[in-house]
Structures are given as structure tokens and as C-alpha cells.
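Read the structure below first, then the notes.
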Amino acid sequence: MTAVQNKKNGKTVEVTETVDPRVEWFNKQRYDVFEIESVRGYRLKGYFFEAEEKSNVYVFMSHGYRSCGLNEFNRMAKFYHDLGCNLLIVDHQSHGDSEGKYIGFGYYEYQDGLRWLDFLNEKFGNDIQIILTGVSMGSATVMMMSGDENLPENVKFTVADCGYTTARAEFEYDIKEFMHLPEFPIVGTANIFNKHLNGYDFSDASPIDSVAKTKVPILFIHGDSDTFVPTYMVHQLYASCSTEEKDLLLVKGAGHAESYRTNSEAYEAKVKEFAQKYITNN
């Protein structure tokens, strides 16, 4: 319990905040820092939490836009650790302690993610089992990784939490919903500048095309009250997903990137269900 002072109506009132014990646990953990080079030549940082007992299961954890790995997963990490997994929590380019000038909205991040998987296989061996999990832009990243032809065969399943269908569709929605402006010509003009600066089209960041090609089991998770990445997008992603080994969890009352915080029990139960199906015991 932490006591803090807040001002209300000109008066000082004491507010007691409860620190999540999962966050307290996370903040006490030791981890190793790994580095790789991104597809654009930047130094990327990853934070490796070793399982308490020897395990060949590794979770690649991919954060959202303007977040960073250690903040995004400071609650969820304990769940995967308690499952007996090793964790690699990364900072994508231009986030956290990683280098970079621009954000790729999943396009460059997924290519870097594949490099991280190569790093894991080279360091720990090709007989390891890998789980991909991501939130928001991190979800778009792991979905795009899942549909890439260079995805390592030892990726067992993907957890895609509140990801968008395409970066362009997300921008068009946000401009209409929050700025109350027409998407034309704003998105098209922004895309011209993006192609000049970043070398890719917004439509290239397309998780919906990637899941249409995937052979990896995917668990889609989304809050039914998400107004930032609208909930209808997860239904489109699920319908487009080519694998029959897929499932969808809608978390009642959860806003954007709040599904785990809102209903950890339901979230964990679904992930455990996938782990029991697709992870081989050591």
C-alpha cells in the first residue's frame, strides 16, 4: 500500500494506492540484457528473464506503440514465468533503450522480431519451443511474424492482443473517430511522407494479410470496449486467419490494451489452454 497526497477542490486529500503484487515481483527480478542489430542498422535491446527451472520454452514479448518492453509486461511476465517459461522482452526500434528515429507500426518491427528469433535459436538451440505474444502494435508485429515464410518452425503459437488489421485502416479510423476529420487526403499525404522517410507504405504493415498465410495457431484477444483499435478489427482478423487452430477471447469491459488487467483469470486460462495443446513437456 502506498499513500500519496492529491489536491481536490483546493484541499489536500490522502489517497491510498495498492501496488499490484505482480509488478512488485517483476521489479525485484534480475535479467540479462541482449543486443542485436535491426534491419535498419540500429542497436536493439532485449531483456532476458531465465525460467526458475531449466526449460526449453521461450516467450517473445512485443510491446505497443510508444510503450517499452519492461513497462508493457510488468504484470503479465509473472504469469508466463510461473508457467515455467524463459522470457525475452524486447524494445522495438525508437522505443525504450533501443536506437531508432522512426516507428514502423509493425512493418520494421516484425522483421526485427524475426532477427530476435534467429538470435534465440542461435544462442539456445533449434530444439527450443517459442511462443509469440504482443499487445497493440506489438500484436500487429507478432501477427506479421506469424505469416512470414522465414518464421522458424519451432514457433508453437501466437497470442495477438488488441492488434489492428492494417496500419492504414487504423490511421483512417483514428482520424475519423478522434479528430473528426475525413481520412482523405490526410492519410494519403502522410503516407507519401512516410514512404519518403521510412521506405514503406502504410498498407505494407498488414497483419490481416499475414494471418491469411499463417500456419501457426493464433489466440486472438481483444477488449469489447476498445475504442482505440476498434473491436470489429479482431473479428476481421479472426475471419481472415488461415489456420483452423485459432481461438478468440473477447474481454468484457476492457478498453485498449486492458484485457489482461481487466480479466487476468480468463486471459491466463486461454493461454494455458493453448500451451497445453501446442507445447511439448520437457
Side-chain angles (χ1 to χ4, degrees), residues 22-23 26-27 29 31-49 58-77 80 86-120 130-146 148 158-168 170-171 174 178 190-191 193-195 197-202 204-207 210 221 226 228-229 255-261:
R22 296 169 294 187
V23 176
F26 184 80
N27 290 336
Q29 302 309 299
Y31 54 82
D32 294 320
V33 180
F34 295 147
E35 289 190 2
I36 65 168
E37 186 176 287
S38 79
V39 294
R40 306 192 78 186
Y42 298 127
R43 299 307 299 171
L44 304 180
K45 295 287 184 70
Y47 312 97
F48 182 73
F49 295 74
Y58 292 74
V59 185
F60 173 83
M61 308 187 81
S62 173
H63 66 79
Y65 175 74
R66 292 298 187 191
S67 184
C68 68
L70 295 179
N71 285 344
E72 189 80 78
F73 298 106
N74 61 2
R75 285 178 175 80
M76 195 184 301
Y80 281 105
N86 303 284
L87 314 180
L88 178 63
I89 302 175
V90 303
D91 281 344
H92 292 303
Q93 71 170 45
S94 304
H95 292 83
D97 290 330
S98 290
E99 295 178 345
K101 190 173 181 181
Y102 300 108
I103 297 171
F105 299 99
Y107 181 72
Y108 286 118
E109 291 79 4
Y110 100 82
Q111 297 172 48
D112 293 337
L114 293 174
R115 287 196 171 191
W116 277 117
L117 299 191
D118 289 341
F119 170 85
L120 286 177
I130 300 174
I131 300 168
L132 308 181
T133 187
V135 178
S136 192
M137 185 189 79
S139 175
T141 298
V142 297
M143 284 189 282
M144 293 175 73
M145 291 168 67
S146 300
D148 191 273
T158 296
V159 181
D161 182 347
C162 66
Y164 40 80
T165 52
T166 70
R168 183 166 189 133
E170 176 63 17
F171 298 152
D174 287 344
F178 300 111
N191 194 34
F193 283 101
N194 180 67
K195 285 193 286 188
L197 292 172
N198 277 335
Y200 75 94
D201 190 286
F202 287 151
D204 293 334
S206 181
S210 295
I221 298 176
D226 192 340
F228 187 72
V229 175
H256 185 63
E258 290 290 332
S259 290
Y260 187 72
R261 188 196 297 259

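Note that the structure is predicted; figures quoted are calculated from it, not measured.
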* Asked: V39 and R115: side-chain contact (heavy atoms from CB on, under 4.5 Å), yes or no, with the steps?
  -> CA-CA 8 Å; V39 294; R115 287 196 171 191; 3.7 Å; yes

* Asked: How long is the gap from CG on N86 to CZ on F60, to the nearest 0.5 Å?
  -> 15.0 Å

* Asked: Where do V135 and A257 come nearest, in terms of heavy atoms and distance?
  -> CG1-CB, 3.7 Å

* **Nearest heavy atoms of T133 and F73, plus distance in Å** => O-CZ, 4.5 Å

* Do Y47 and D91 have side-chain atoms, one donor and one acceptor, less than 3.5 Å apart? -> yes

* Gap separating the CD1 atom of I36 from the CG atom of D118, nearest 0.5 angstrom -> 8.5 Å

* Asked: Is there a donor-acceptor contact under 3.5 Å from the side chain of S139 to the main chain of D161?
  -> yes

* To do: Kindly determine whether T158 and S146 satisfy side-chain hydrogen bond (donor to acceptor under 3.5 Å, both in side chains), including the steps that lead there.
  => CA-CA 7 Å; T158 296; S146 300; 2.8 Å; yes

* F105 to M137 - nearest heavy-atom pair and separation -> CA-SD, 3.6 Å

* Asked: Which heavy atom of M145 sits nearest a heavy atom of Y110, and at what distance?
  -> CG-O, 3.5 Å

* To do: Please step through side-chain hydrogen bond (donor to acceptor under 3.5 Å, both in side chains) for the pair S136 and H256, ending with a clear verdict.
  => CA-CA 8 Å; S136 192; H256 185 63; 2.8 Å; yes

* **Rounded distance [0.5 Å steps], SG in C68 versus NE2 in H63** => 6.5 Å

* Taking the side chain from D204 and the backbone from D201, do they hold a donor-acceptor pair closer than 3.5 Å? -> yes

* **Sidechain-backbone polar pair: E37 side chain, L44 backbone, donor-acceptor under 3.5 Å** => no

* Asked: Are side-chain heavy atoms of V90 and D112 found at a separation under 4.5 Å?
  -> no

* Asked: Under 4.5 Å between any side-chain heavy atoms of V159 and I221, yes or no?
  -> yes

* Asked: What distance do Y102 atom OH and Y42 atom OH have between them, rounded to the nearest 0.5 Å?
  -> 8.0 Å

* T141 side chain to E109 main-chain N or O, any donor-acceptor pair under 3.5 Å? -> no

* To do: Nearest 0.5 Å please: distance from the OH atom of Y58 over to the CG atom of L120.
  => 7.5 Å

* Asked: Can you find a pair of side-chain heavy atoms, one from F228 and one from D226, that are under 4.5 Å apart?
  -> yes

* K45 to V33 - nearest heavy-atom pair and separation -> CD-CG1, 3.8 Å

* To do: Check for a donor-acceptor pair, side chain of H95 on one end and backbone N or O of R66 on the other, with a separation under 3.5 Å.
  => yes

* Asked: For R261, does the CZ atom sit with more than 12 other heavy atoms under 6.0 Å from it, leaving out its own atoms?
  -> no

* Please report the C-alpha distance between V229 and E170 in whole Å, then the side-chain angles of each, then the deciding distance to 0.1 Å, and finally whether the side-chain contact (heavy atoms from CB on, under 4.5 Å) criterion is met. => CA-CA 7 Å; V229 175; E170 176 63 17; 3.7 Å; yes

* **Short side-chain to backbone donor-acceptor contact, S94 and G100, under 3.5 Å** => yes

* To do: State whether a side-chain donor-acceptor pair under 3.5 Å links H92 with S62.
  => yes

* Asked: Between Y260 and R75, is any pair of side-chain heavy atoms under 4.5 Å apart?
  -> yes

* Using the side-chain contact (heavy atoms from CB on, under 4.5 Å) rule, take F202 and T166 through it: C-alpha gap first, then chi angles, then the decisive distance, then the call. => CA-CA 8 Å; F202 287 151; T166 70; over 6 Å; no

* Asked: In terms of the angle between their ring planes, are Y31 and F49 parallel, tilted or perpendicular, with boundaries placed at 30° and 60°?
  -> tilted

* Flag side-chain contact, heavy atom, 4.5 Å: Y200 against Y108 -> yes

* To do: Taking only Lys NZ, Arg NE, NH1 and NH2, and the carboxylate oxygens of Asp or Glu, determine whether R43 and E99 approach each other closer than 4.0 Å.
  => no

* Identify the heavy atoms of L70 and I89 that sit nearest to each other, and give their distance. => N-CG2, 4.0 Å

* **Polar side-chain atom of E72 near backbone of G64 as donor-acceptor pair, under 3.5 Å** => yes

* To do: Could you give me the CA-CA distance, side-chain angles and deciding distance for L88 and F34, then say whether side-chain contact (heavy atoms from CB on, under 4.5 Å) is met?
  => CA-CA 9 Å; L88 178 63; F34 295 147; 4.2 Å; yes

